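To start, the structure under review is shown below, and the notes come after it.
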Amino acid sequence: MLNVHLPDGKVLDFPASVTPAEVAARIGPRLAKDALAAEVEIKENSPPAEHVSGKRIVGLDYPLPKSGDVGIRIFTRKSPEALGVMRHSCAHVMARAVMRLFEGVQLAFGPTIDNGYYYDIGLEEPISEEDFPKIEAEMKRIIEADEPFERIEEPREKALELCQNLEQPLKVEHIEEGLAEHEQLSFYRQGEFIDLCRGPHIPAAGAIGAFKLLSIAGAYWKGDQSRQQLQRLYGTAFFSQQELDEHLARVAEAKRRDHRALGKQLELFSISPMVGSGLVLWHPKGAIIRGVLESFVKDELIKRGYSPVYSPHVGRVELYETSGHFPYYQDSQFAPIEMEPGEKYLLRPMNCPHHIMIYKSRPRSYRELPVRLAEFGSVYRYEKSGELGGMTRVRGFTQDDAHLFCTEDQVAEEFRGCIEMTQHVLQCVGMDNYRVRLGFRDPDGEKYVGDPEVWDRAEAALREVCQSMDLPNLEIEQGEAAFYGPKADFVVTDCLGREWQLGTVQLDYNLPSEDRFELEYIGADNAPHRPVMIHRAPLGSMERFIGVLIEHFAGAFPLWLAPEQARVLTVSDKFEDYGRKVEAQFRQAGMRVSGDYRAEKLGAKIRDAQLELIPYMLVVGGRDQENQTVSLRDRLEGDVGALPIEKAVARLKAEIDAKTVRQKFESDAGLAARGSDHEY
């Protein structure tokens, strides 16, 4: 007897194996009609056969065990999980359409990804975006035909023969190498199209809603640059046209906010092929933003009892062998530099070994703990070229890094302090929509080092601290810990709803251990003890953090961070002397101000300042000169009116000191157009 457990607690009994489709039909005809996929949980007491214990998302034709207990959830288009299944089916439809339109198509892989799907194909003829309309038209014909997705199970030898007959060499190779241990393989057939695939899929193509091809890019077979080059066709799909339209609007807005384009437009940074991929050149305006952030964080560090340090960008390989970073992360590191036989150096991949050696440079007493060492330290990772992306994925980056050495009794309070500082930093840049993810070890994982009892104590301490702080959306993820200890990551949501992992606080019992650096302090009992180490970086890396900020603010930084905070605009050139006097007074107050003294109309000057995202404009004309005022114009709110210079300075200073974040989601083109109507 098979017992099927439903989400509401009801149990349905079946005398033999059934499919999720049959379960849905038993529940009701409406559900049977709307069902698209299911999640099944095979209980441990069910017959093993081809069923594996645990949860999995499956198609409606998946055969359940003949007996035992199975939990099941039926997915309809209202279920978020159904969207991924539908998109995977849409990827198959896209591949089928391409094969109908182009000769000699070799199929690789077609997975779902965040917000869509892609399919890698081998094809001598390059596909371009000009081909998208005809591919989409063919996809529409396939969907309208509403043919079913039929699952086919074949033994290994027949599966190989099928792929050979289909003239799909990439699939043949994958069966021979990637699936070498699988004796039974699955395919999905839809009309004339057959593809090696583990599924699941929706019942038929007619359930696919609105879809859109997005882009085409290059890829390599199995991500190996030495293998065959393929074309990667990206697309997305939703159950309704409205959802697709909203998504495409978000994509367009994300493109407008792309930090790579804005970085060039606003002259914030560049990446030169001559210097090297993934190595950021900070231009003066970008350097101002970075410098202001660094000064802000450094001031906070001093208030919170940190000691600033500096350390070299390279170190002997032996240092990183002791820490475990070499060869543990060897694949993502620059190659060692051999200066003399037997003497090798490494561009540092992490700052922590250097700070450890500062701690270890002399004996330490329990009276001086905690020791908090902080540095804006640059590190280097040789990321694959295909993974690089502007400032958010680079090969050289600077961390707002700090390492704390404390007693075990101090761990909870120090960890709390690190969390509070990260919260403060995020609040001051207006990114207070975040969740905190506690990364704990997987008890069955092999990558973790150290005593399991120590791990248990550390995880319990972190859980207690975070729960006591009432952190937003706190969640625990097993298997997400660093190899040396549990951690708390801040996952920030920007104004477009995208998530970015930024600040982090990590607990470490490993590096201080006798197997690594053998760190000690002399306790109150006059005996040596082992300190606990905390790694923390509120921003993460300056490059990634500022890249995210550029996109979050669309380049329009809050006043305290803006590289140019105000610009003096003269009504005509005869007021240049007074304008320069105003500029000087704002500069003396510590503000970043420039002047536009060109022989241009005021409307053109305002438009340029708007497009360059200058927070405030200080307009000066005859009346202002006579009354010793400035006509203040806010980029977001428009005309403020004439103010005495001292009051205008005080107004801007107050906003800067408070680190006020003001955002208005209005197109810059609209703001510029509105500005051109200004009259004095």
Side-chain angles (χ1 to χ4, degrees), residues 287-311 351-352 354-356 358-359 364-378 398-407 409-432 434 436 462 465-466 468-472 487-490 492 502-508 521 531-542 545-546 549 557-562 565 589-592 652-661:
I288 288 173
I289 298 170
R290 172 172 169 163
V292 171
L293 272 174
E294 285 188 6
S295 296
F296 161 59
V297 173
K298 286 177 180 177
D299 289 345
E300 285 297 320
L301 291 172
I302 297 301
K303 293 176 186 176
R304 296 168 188 264
Y306 286 77
S307 299
V309 297
Y310 294 95
S311 58
N351 299 305
C352 37
H354 296 244
H355 293 183
I356 285 171
I358 293 174
Y359 175 89
R364 302 283 178 174
S365 165
Y366 74 97
R367 294 181 183 278
E368 59 184 301
L369 267 58
V371 172
R372 307 182 185 98
L373 304 179
E375 175 182 14
F376 279 84
S378 297
T398 301
Q399 296 176 305
D400 61 324
D401 221 351
H403 296 93
L404 294 75
F405 305 86
C406 61
T407 68
D409 290 341
Q410 295 169 333
V411 163
E413 193 58 34
E414 291 303 307
F415 202 87
R416 177 188 298 273
C418 293
I419 293 287
E420 288 174 345
M421 181 170 177
T422 304
Q423 289 180 298
H424 177 67
V425 169
L426 292 175
Q427 181 183 9
C428 287
V429 295
M431 300 195 77
D432 48 9
Y434 58 83
V436 178
L462 266 57
V465 167
C466 292
S468 71
M469 296 180 71
D470 194 26
L471 295 172
K487 62 176 180 175
D489 291 329
F490 282 73
V492 178
L502 297 176
T504 186
V505 185
Q506 304 177 359
L507 198 57
D508 186 355
Y521 67 90
V532 180
M533 191 172 172
I534 297 176
H535 309 243
R536 49 104 283 189
L539 303 180
S541 85
M542 298 301 291
F545 192 82
I546 291 176
L549 284 186
F557 288 92
L559 183 63
W560 74 277
L561 273 178
Q565 295 171 318
M591 279 177 263
R592 299 182 289 276
L652 270 62
K653 283 284 289 179
E655 186 174 330
I656 292 168
D657 292 344
K659 294 183 173 56
T660 303
V661 175

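The model shown is predicted, which means the values in this text are computed figures rather than measured ones.
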* Look only at the side chain of Ser295 and the backbone of Val292, and say whether a donor-acceptor pair between them is shorter than 3.5 Å. => no
* Asked: Between Gln565 and Met591, what is the shortest heavy-atom contact and its length?
  -> OE1-CA, 3.4 Å
* **Heavy-atom side-chain proximity of Gln506 to Thr504 below 4.5 angstrom** => yes
* Structure fact -> When rounded to the nearest 0.5 Å, the distance separating CG of Leu293 from CE of Met542 is 5.0 Å
* What pair of heavy atoms forms the shortest contact from Ile356 to Met533, and how long is it? -> CG1-CE, 3.6 Å
* Asked: To the nearest 0.5 Å, how far apart are NE2 in His403 and CD1 in Ile534?
  -> 11.0 Å
* To do: Work out which heavy atom in Pro531 is nearest to a heavy atom in Leu369; give both atom names and the distance.
  => CB-CD2, 4.5 Å
* Asked: Are a donor atom and an acceptor atom from the side chains of Gln399 and Asn351 found within less than 3.5 Å of each other?
  -> yes
* To do: Heavy atoms only: give me the nearest Val425-Leu539 pair and the separation to one decimal.
  => CG1-CD2, 3.3 Å
* Asked: So Ile419 and Arg536, side chain to side chain contact (heavy atoms under 4.5 Å, CB included) or not? Walk me through it.
  -> CA-CA 9 Å; Ile419 293 287; Arg536 49 104 283 189; over 6 Å; no
* Taking the side chain as every heavy atom from C-beta outward, state whether Pro308 and Phe376 have any atom pair closer than 4.5 Å. => no
* Gln427: side chain to side chain contact (heavy atoms under 4.5 Å, CB included) partners, not counting sequence neighbours -> none
* Criterion side-chain contact (heavy atoms from CB on, under 4.5 Å) against Trp560, the qualifying member of Thr660, Asp657, Val429 -> Val429
* Asked: Could you state the interatomic distance from CZ (Phe405) to CD (Gln410), rounded to the nearest 0.5 Å?
  -> 13.0 Å
* **Side-chain touch Ser468/Arg416, heavy atoms, less than 4.5 angstrom** => yes
* Answer yes or no: is there a side-chain heavy-atom contact under 4.5 Å between Tyr521 and Val371? => no
* **Residues in ring pair (Phe, Tyr, Trp, His ring centres under 6.0 Å) contact with Tyr306, at least two apart in sequence or another chain** => none
* To do: Indicate the ring-plane relationship of His424 and Phe296, choosing parallel, tilted or perpendicular according to the 30° and 60° boundaries.
  => tilted
* **side chain to side chain contact (heavy atoms under 4.5 Å, CB included) evaluation trace for Asp401 with His354** => CA-CA 11 Å; Asp401 221 351; His354 296 244; over 6 Å; no
* To do: Take Tyr434 and Asp489 through the test side chain to side chain contact (heavy atoms under 4.5 Å, CB included) and record every step on the way to the result.
  => CA-CA 10 Å; Tyr434 58 83; Asp489 291 329; over 6 Å; no
* Under the side chain to side chain contact (heavy atoms under 4.5 Å, CB included) criterion, do Met431 and Leu549 qualify, and how do the steps go? -> CA-CA 9 Å; Met431 300 195 77; Leu549 284 186; 3.5 Å; yes
* **Contact check, side chains of Arg372 and Glu414, non-hydrogen atoms, under 4.5 Å** => yes
* **Least distance between heavy atoms, Ala562 atom then Arg592 atom** => O-NH2, 2.8 Å
* So, for Tyr359 and Arg364, which heavy atoms are closest and what is the spacing to 0.1 Å? -> O-NE, 2.8 Å
* Report the distance from atom CG of Leu301 to atom CD of Glu294, rounding to the nearest 0.5 Å. => 11.0 Å
* Asked: How far does CZ of Phe545 sit from CG of Asp400, to the nearest 0.5 angstrom?
  -> 8.5 Å
* **Euclidean distance, Leu559 CG relative to Lys659 NZ, rounded to 0.5 Å** => 11.0 Å
